[in-house]
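Remarks on the structure that follows.
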Amino acid sequence: MMSTLAWLEQTAPSIFMRADFYAYFVALIVHAWGMALLVGGGIAVCLRVLGVARGTQLVKWRSLFPVMKMGAVLAAVSGLALLAGYPAKALTNWVFALKFVCLIGGLWLVAHMARVSFSKGVEPVGLVKLQAVLALALLLGGVAAGKLLLYTNQMLLTSDVQFEVAE
């Protein structure tokens, strides 16, 4: 694995992300915007299912999903750019995997809630509200894990560590 990470660090996109003065920071800002649209939309949907803004019809909340999709595209493209810059930093950190598990699980629950409840026109109850609570916890956990990535990495680059390459 380390040899693969070392190879990735020598690719043109990786070198560009580390060498260009603005590239990493622009990708980080775009990633924050994308996550804000994606996760913010998910949180808003969860809060509506839990009773906030009860005066609005659930079906109207479907209009958030195109915005969330745009956020997903921004987050994915910028996330890949950030990953290209420091692959060892992310791919050797279990918190990186936790971020994905939380976000994918939370967003799947949000999509499931929308499919099940939004077209019926009745206020959600029982299991749907429980899904909203779980989705909210997962989305917030994913954001927290993303922020913890700044502080939990064991290595920045493979060149920072000595390792044996099997021949």
Side-chain angles (χ1 to χ4, degrees), residues 4-5 7-50 52-53 56-119 131-158:
T4 302
L5 293 174
W7 174 81
L8 282 171
E9 289 171 359
Q10 298 309 310
T11 62
S14 184
I15 293 168
F16 172 75
M17 286 302 293
R18 291 190 309 272
D20 186 81
F21 185 74
Y22 296 106
Y24 191 84
F25 298 107
V26 168
L28 200 57
I29 290 167
V30 172
H31 194 66
W33 289 341
M35 291 298 289
L37 294 172
L38 177 62
V39 175
I43 289 171
V45 168
C46 289
L47 291 174
R48 172 57 187 95
V49 168
L50 291 172
V52 175
T56 61
Q57 296 174 349
L58 277 171
V59 72
K60 303 242 181 207
W61 288 76
R62 285 184 185 230
S63 62
L64 271 180
F65 286 90
V67 174
M68 291 172 65
K69 287 179 183 176
M70 184 176 68
V73 170
L74 289 174
V77 170
S78 59
L80 286 172
L82 294 169
L83 180 62
Y86 296 95
K89 177 183 177 187
L91 297 176
T92 60
N93 190 345
W94 66 271
V95 176
F96 187 72
L98 177 64
K99 172 186 175 180
F100 279 95
V101 168
C102 286
L103 291 176
I104 290 169
L107 292 167
W108 181 85
L109 284 169
V110 168
H112 185 264
M113 283 186 308
R115 274 192 309 274
V116 168
S117 343
F118 283 23
S119 59
Q131 285 178 329
V133 169
L134 182 57
L136 193 56
L138 286 169
L139 292 173
L140 293 173
V143 170
K147 294 311 295 174
L148 286 173
L149 285 172
L150 297 169
Y151 310 104
T152 58
N153 62 297
Q154 299 298 313
M155 73 173 76
L156 193 57
L157 298 166
T158 56

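Just the heavy atoms: all of them, side chains too, but no hydrogens, waters or symmetry mates, feed the values below. This one's a predicted model, so the numbers in the text were calculated from it and none came from an experiment.
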Please output the side-chain donor-acceptor pairs of residues 142-153 that fall under 3.5 Å, not counting sequence neighbours, one pair per line with the distance.
from : atom 1 : to   : atom 2 : distance (Å)
T152 : OG1    : N93  : ND2    : 2.8
T152 : OG1    : L148 : O      : 3.0
N153 : ND2    : M155 : O      : 3.3

Applying side chain to side chain donor-acceptor pair (under 3.5 Å) to T158 and E9, what does each step give before you reach the verdict?
CA-CA 8 Å; T158 56; E9 289 171 359; 2.6 Å; yes

Going from CE on M113 to SG on C46, what distance comes out if it is rounded to the nearest 0.5 angstrom?
4.0 Å

Give the minimum heavy-atom separation between S78 and A27, together with the two atoms involved.
CB-O, 3.4 Å

Identify the residue among L107, L109, L58, L64 that makes a side-chain contact (heavy atoms from CB on, under 4.5 Å) with V45.
L64

Going by heavy atoms in the side chains, are K89 and L83 under 4.5 Å from each other?
no

Taking only residues two or more places apart in sequence, or in another chain, which ones meet V133 in a side chain to side chain contact (heavy atoms under 4.5 Å, CB included)?
L50

With sequence neighbours excluded, what pairs up with L37 under the side chain to side chain contact (heavy atoms under 4.5 Å, CB included) test?
V67, M70, L74

For a quick test of reading the model, state the closest non-hydrogen atom pair linking G41 to M68 and the distance between them.
C-SD, 3.6 Å

Which atom of A114 lies closest to which atom of F65, heavy atoms considered:
CB-CZ, 3.6 Å

Name all pairs fulfilling the side chain to side chain donor-acceptor pair (under 3.5 Å) condition that reach into residues 34-47, sequence neighbours left out, sorted by first residue then second.
none

Considering residues at least two apart in sequence or located in another chain, which fulfil the ring-ring contact (aromatic ring centres under 6.0 Å, His included) criterion with W108?
H112

ring-ring contact (aromatic ring centres under 6.0 Å, His included) pairs touching residues 15-50, sequence neighbours excluded, are Y24-Y86

Taking side chain to side chain contact (heavy atoms under 4.5 Å, CB included) as the test, write out the residues that go with I43, two or more places apart.
V39, L47, L136, L139, L140

Within-4.5 Å side-chain heavy-atom neighbours: L138 and C102:
yes

Show every side chain to side chain donor-acceptor pair (under 3.5 Å) that has at least one partner inside residues 57-74, sequence neighbours left out.
T56-W61

Suppose the criterion is salt bridge (Lys or Arg N to Asp or Glu O under 4.0 Å): which pairs have a residue in residues 35-48, not counting sequence neighbours?
R48-E123

I'd like to check the side chain to side chain contact (heavy atoms under 4.5 Å, CB included) partners of I104; sequence neighbours left out, ordered by chain and number.
F100

